[in-house]
Amino acid sequence: MVTVKYFANLKQMAGKEEDQFDINEGTTLEQLSDLIKQSVPQLGDMVREKKVMISLNYDVVPLDTVVKDGDEIALLPPFSGGI
Amino acid sequence: MVTVKYFANLKQMAGKEEDQFDINEGTTLEQLSDLIKQSVPQLGDMVREKKVMISLNYDVVPLDTVVKDGDEIALLPPFSGGI
Amino acid sequence: MSTALESKVRIQREDFSVTDEIEFMKKSSRNIGGITTFLGTGRETNKGENISELNFEHYPQMAEKKLGEIREKAIKDFGLIDMSIIHRIGHIEIGDNIVLIIACGEHRQETFKACEWAIAELKRTTPIWKRETTSKGEVWVQATP
Amino acid sequence: MSTALESKVRIQREDFSVTDEIEFMKKSSRNIGGITTFLGTGRETNKGENISELNFEHYPQMAEKKLGEIREKAIKDFGLIDMSIIHRIGHIEIGDNIVLIIACGEHRQETFKACEWAIAELKRTTPIWKRETTSKGEVWVQATP
């Protein structure tokens with residue numbers, strides 16, 4: 001099982017802070033986006049269309065990265081910290 | 001009469017903070033250095049040899065600048081403010 | 001999330017004292033000659049829009065991790081003595097402090113370069129998001145990719 | 001010589017509070033988004049020589065005039081909202097504050113450029129002299145032209 005967190009406006013779109021999904025061995029983030037799409041259709045599309053960044057265990061990674069049980073994934077809209 | 005001030009190590013060389021000199025109309029700073037030389041030989045030479053900067057009424061000026069009664073002149077060793 | 005002065009990268013709700021943070025950094029070395037500090041503050045207008053308040057949200061753990069990476073890279077790449085980075089989250093009024101970056105070096109040149117690089121890198125890599133409250137309501141800044 | 005926060009260019013014996021000086025500058029405008037600060041502090045070693053204390057001397061009136069010129073030119077040339085410059089004179093211990101330059105702007109880029117320019121310009125144009133006390137005695141820094 002992996003956790004997928006939603007932040008900022010994506011959290012508002014999702015109407016929740018996170019989802020948890022059971023995954024098969026060898027699942028990539030791209031494949032995980034299908035599960036996200038089942039939960040929040042709009043967000044699944046945004047991942048596929050690379051409209052959001054995606055992090056795996058606190059680092060931004062490409063979509064072909066494989067996830068494993070216990071991983072923490074997050075969908076990240078463009079950052080606007082600083083000033 | 002003009003006042004000539006000495007700062008930092010120049011004050012130590014002169015052994016005093018300032019001199020006052022009577023000047024003729026049209027006297028340049030270069031000519032004034034002869035009067036400074038009579039008071040503090042080493043400093044008069046340093047002015048002629050451009051080893052110090054010279055200010056007239058709080059601005060650094062060239063040696064051919066003419067001085068007039070009441071002017072404040074200063075001999076300025078290289079600055080070392082800031083850090 | 002730590003608010004004590006013990007940590008040199010922090011994300012916190014509370015305000016910070018620039019003086020206290022600088023004095024804390026000075027303890028790193030007696031050879032600090034130059035300290036460049038960048039302080040970001042809440043501006044009243046943005047792209048012509050009048051802002052009444054700001055709210056910052058972050059991704060806990062990842063944001064702190066990224067700030068730590070920025071700090072380490074800045075110290076190494078620019079030859080700094082030390083650096084600290086503090087970012088506030090939550091509600092921010094106009095004029096309030098938002099972010100503070102302190103770059104300490106023997107000489108000033110590297111501290112300017114490192115501080116300027118660090119704030120740009122923070123904006124690029126650190127998962128923090130700003131929500132502006134305007135007369136039109138609340139908007140996530142740059143919410144559309 | 002004024003030590004009140006009323007003046008934005010000052011030469012003073014007393015220490016200053018970076019926080020207080022920044023808060024004073026913030027009153028200039030509600031549109032300040034970036035504040036770059038340079039703080040110069042007493043370093044223990046210079047060119048391999050161990051320093052026990054520093055002393056700064058200035059040319060009264062001319063030094064203040066030059067700081068005022070730097071401030072005005074920085075605001076105009078870099079499009080700042082405001083700038084302040086404070087330099088201490090007299091006895092300075094290692095680690096003590098020496099000089100503070102605060103550049104306030106709408107955006108950060110101009111404040112970095114202006115602050116870096118201002119400290120270089122201060123060193124070039126402002127009649128202030130540093131005397132270092134080392135194991136060999138007191139030396140005026142760069143006293144030989």
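Letters A, B, ... are given to chains in the order of the sequence lines, protein chains preceding strands, and every chain is numbered from 1. Quick note: numbers below take in every heavy atom, side chains included, and nothing from hydrogens, waters or symmetry partners. If you're wondering where the values come from, they're calculated on a predicted model, not measured in any experiment.
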Say you draw a straight line from [atom1] of [X] to [atom2] of [Y]; how long is it, rounded to the nearest 0.5 Å?
X         : Y         : atom1 : atom2 : result
Lys66(D)  : Ser55(B)  : NZ    : OG    : 8.5 Å
Phe79(B)  : Ile128(D) : CZ    : CD1   : 9.5 Å
Ser80(B)  : Lys123(D) : OG    : NZ    : 8.0 Å
Trp129(D) : Leu76(B)  : CH2   : CG    : 5.0 Å
Glu72(B)  : Tyr59(D)  : CD    : OH    : 3.5 Å

Just wondering, more than 12 heavy atoms not from [X] lying within 6.0 Å of its [atom1]?
X         : atom1 : result
Lys113(D) : NZ    : no
Lys37(B)  : NZ    : no
Glu25(B)  : CD    : no

Is the shortest heavy-atom distance from the side chain of Ile83(B) to the side chain of Phe38(D) under 4.5 Å?
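In short, these two side chains touch, coming nearer than 4.5 Å.
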Side-chain heavy atoms of Lys65(D) within contact of Asp59(B), under 4.5 Å:
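Yes, their side chains come closer than 4.5 Å.
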Proximal component of Arg124(D), with respect to chain B [non-hydrogen, under 4.5 Å]
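It is the backbone, since no side chain atom gets that close.
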Non-hydrogen atoms of Ile98(D) and Gly82(B) that approach each other most closely:
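Looks like CG2-O, 3.2 Å.
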Looking only at non-hydrogen atoms, find the nearest pair between Met62(D) and Val60(B) and report the distance.
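The pair with the smallest heavy-atom distance is CE-CG2, 3.9 Å.
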State whether a side-chain donor-acceptor pair under 3.5 Å links Glu69(D) with Tyr58(B).
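Judged by distance alone, the side chains do not pair up.
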